[in-house]
J.: 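Supplied in structure tokens, the structure appears directly below.
Nothing fancy with the numbering, it's 1 onward along the sequence. Everything numeric here is computed off the predicted structure, so don't read it as measured data. First listed ligand is number 1; within each ligand, the first listed atom is number 1.
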Amino acid sequence: MEAARILRAGGVVALPTETVYGLGADALDAHAVARVFAIKGRPEHHPLIVHLARADLLPGWAIDVPDAAWTLAERFWPGPLTLLLRRGPLASDQVTGGLATIAVRVPDHTLVLAVLDALGSGVAAPSANRFGRVSPTTAAHVVADLGTDVDAVLDGGACRVGVESTIIDLSSPDPRTWAVLRPGGVDTNQLSEALGRDIPIALGGPKKAPGQLASHYAPRARLEVVVDLDQRAAALEAAGRRVVRLGPDQLGATAEAWARSLYGAIREADGQGPDVILVASPPAGALRDAVHDRLRRAATPA
Ligand code: TXA
Ligand code: MG
């Protein structure tokens, strides 16, 4: 398979996953991983998620894997859940940002699973956008962002989930410290239910990872989340501002639909060159926390 061949040769390939497109390199190839940082424009101490073909490949990448991790892997992999565990001997400083932990997941997309299987290694992949920009959910988004800087873009269609994976930190032996570091494609309630304990969302706490920046996923235009779209739009337009509105008419009726269309809609809105992108409060549903988190970050100026 061509994508696996390119990765084996030290290349960088944009890969479809169920969440967002990733910018992948063989996690054991230091030169290839360095290119990922360079292409993304990502600061070098920001750790990457390692993608594996199957849960049974975890040993080596992670050590002291708690039973809870196996429980979650069994229930949610392949799927939009990233486990933060103590790093094993295969995990380089480059991939982990020099931290004592490693982030790993098994993505749920037939194309990327076939590539991982053929490569027989882990693929380190951040989202395939330029640093600080909205994540890509189609191959066309990747090409618009990264152009010919990547060796190949594997087109797997539009991403099914549309926001990044949930990151749960299980790296401490003390279960009372376990927490969600980034809400995402797996709802926090489902994690609490699977583990039989309440898993808090540790937002804005001590910065465990440099990647958890307040401002991220930022469009060029100012983005505001508002309760009354029409009222706010009228006020801004009266003041001569150009406004694009994103609400249920554009994004759908459920949080899941919003997650799926959010990044594409923000890109499109931004492309119209408005002064302000106005977004309504997201509707209820399993992915509401994730959508809300991304909107909050997109609304924070860089
Ligand atoms: O859905 C996803 O997770 C997508 C697809 C491509 O898999 N990937 C993704 O990667 O969102 P990225 O690099 O855009 O975001 C990964 C996040 C960053 O905030 C990073 O700081 C955090 O995971 N992370 C990675 N390794 C970590 C570690 N060892 N400790 C704490 N946070 C870590
Ligand atoms: Mg990202």
Side-chain angles (χ1 to χ4, degrees), residues 12-25 27 33 36-37 39-52 61-62 76-88 91-109 111-113 115-116 122-137 141-142 145-146 154 156 159-172 178-186 202-203 205-218 259 263 287 290 293-294 297-298:
V12 172
V13 180
L15 299 162
T17 82
E18 80 283 29
T19 57
V20 301
Y21 275 72
L23 186 61
V33 175
V36 168
F37 283 97
I39 292 169
K40 242 194 104 96
R42 180 167 170 130
E44 294 213 350
H45 55 280
H46 281 214
L48 304 178
I49 295 174
V50 172
H51 299 71
L52 302 175
W61 296 98
F76 296 106
W77 282 356
L81 179 67
T82 294
L83 303 180
L84 201 63
L85 300 166
R86 290 200 44 201
R87 69 190 269 192
S92 65
D93 277 342
Q94 189 191 27
V95 166
T96 61
L99 299 170
T101 54
I102 183 167
V104 277
R105 82 179 189 100
V106 176
D108 185 18
H109 192 294
L111 286 184
V112 76
L113 287 172
V115 171
L116 290 169
V123 164
S127 50
N129 51 291
R130 299 259 189 232
F131 182 66
R133 292 286 159 203
V134 178
S135 297
T137 52
H141 294 162
V142 176
D145 261 22
L146 304 179
L154 192 56
C159 298
R160 174 175 63 78
V161 176
V163 292
E164 295 86 346
S165 61
T166 301
I167 302 177
I168 182 172
D169 182 359
L170 303 173
S171 63
S172 157
W178 293 348
V180 165
L181 301 186
R182 178 177 73 181
V186 171
L203 292 177
K207 293 275 173 291
K208 280 215 83 158
Q212 310 298 121
L213 304 173
S215 168
H216 215 89
Y217 316 100
Y263 287 150
L287 291 183
D293 172 73
R294 301 312 183 272
R297 290 169 198 269

J.: Out of curiosity, N129 CG to I39 CD1, how far, rounded to the nearest 0.5 Å?
T.: 12.5 Å

J.: To the nearest 0.5 Å, tell me how far L113 CG sits from T17 OG1.
T.: 10.0 Å

J.: As an exercise, identify every atom of ligand 1 less than 4.0 angstrom from a heavy atom of A103.
T.: 25 (C), 26 (N), 27 (C)

J.: Is the number of heavy atoms from other residues, nucleotides or ligands under 6.0 Å of R86 CZ greater than 12?
T.: no

J.: Would V106 and H51 count as a side chain to side chain contact (heavy atoms under 4.5 Å, CB included) here? Give the steps.
T.: CA-CA 6 Å; V106 176; H51 299 71; over 6 Å; no

J.: Would you please name every residue forming a side chain to side chain donor-acceptor pair (under 3.5 Å) with E18, sequence neighbours left out?
T.: R105

J.: With heavy-atom distances below 4.0 Å as the criterion, list the atoms of ligand 1 near T19.
T.: 1 (O), 2 (C), 4 (C), 5 (C)

J.: Nearest 0.5 Å, what's the CG-CD1 distance between L181 and I167?
T.: 6.5 Å

J.: For residues 92-102, pull every pair meeting salt bridge (Lys or Arg N to Asp or Glu O under 4.0 Å), keeping only residues two or more places apart or in separate chains.
T.: R87-D93

J.: Heavy atoms only, cut-off 4.0 Å: how does R42 contact ligand 1, side chain, backbone, both, or neither?
T.: side chain

J.: Is the shortest side-chain heavy-atom distance between L15 and V123 below 4.5 Å?
T.: yes

J.: Provide the number and element of each atom of ligand 1 under 4.0 Å from a heavy atom of E164.
T.: 1 (O), 2 (C), 11 (O)

J.: Ignoring angles and geometry beyond distance, decide whether R182 reaches within less than 3.5 Å of ligand 1 through its nitrogen or oxygen atoms.
T.: yes

J.: At what distance, to the nearest 0.5 angstrom, does OG of S135 lie from CG of L23?
T.: 11.5 Å

J.: Can you find an N or O of K40 that's nearer than 3.5 Å to an N or O of ligand 1?
T.: no

J.: Do any N/O atoms on T17 end up under 3.5 angstrom from N/O atoms on ligand 1?
T.: no

J.: Using a 4.0 Å cutoff against the non-hydrogen atoms of S165, which atoms of ligand 1 qualify?
T.: 1 (O), 2 (C), 3 (O)

J.: Before signing off on this row, confirm whether T101 and ligand 1 have an N or O atom pair separated by under 3.5 Å.
T.: yes

J.: Atoms of ligand 1 less than 4.0 Å from L99 heavy atoms?
T.: 28 (C), 29 (N), 30 (N)

J.: At less than 4.0 angstrom from any non-hydrogen atom of I49, what atoms of ligand 1 do you find?
T.: 3 (O), 8 (N), 9 (C), 10 (O), 16 (C)

J.: Is any N, O or S atom of N129 under 2.8 Å away from the Mg ion (ligand 2)?
T.: no

J.: Among T166, L287, V186, V20, which residue satisfies the side-chain contact (heavy atoms from CB on, under 4.5 Å) criterion with P80?
T.: V186

J.: Kindly determine whether V33 and V95 satisfy side chain to side chain contact (heavy atoms under 4.5 Å, CB included), including the steps that lead there.
T.: CA-CA 8 Å; V33 175; V95 166; 4.3 Å; yes

J.: With heavy atoms only and a cut-off of under 4.0 Å, state how R87 meets ligand 1: side chain, backbone, both or neither.
T.: neither

J.: Is it the side chain (CB and beyond), the backbone, both or neither of H46 that lies under 4.0 Å from ligand 1, heavy atoms counted?
T.: neither

J.: Considering only heavy atoms of R105, which atoms of ligand 1 have at least one such atom less than 4.0 Å away?
T.: 1 (O), 2 (C), 3 (O), 5 (C), 7 (O)

J.: Which part of L84 is near ligand 1, with near meaning a heavy atom under 4.0 Å away: side chain, backbone, both or neither?
T.: side chain

J.: Counting each atom of ligand 1 from 1 as listed, which ones have a heavy atom of H51 under 4.0 Å away?
T.: 5 (C), 6 (C), 7 (O)

J.: Nearest non-hydrogen contact with atom 20 (C) of ligand 1 belongs to which option: G97, G98, P47?
T.: P47

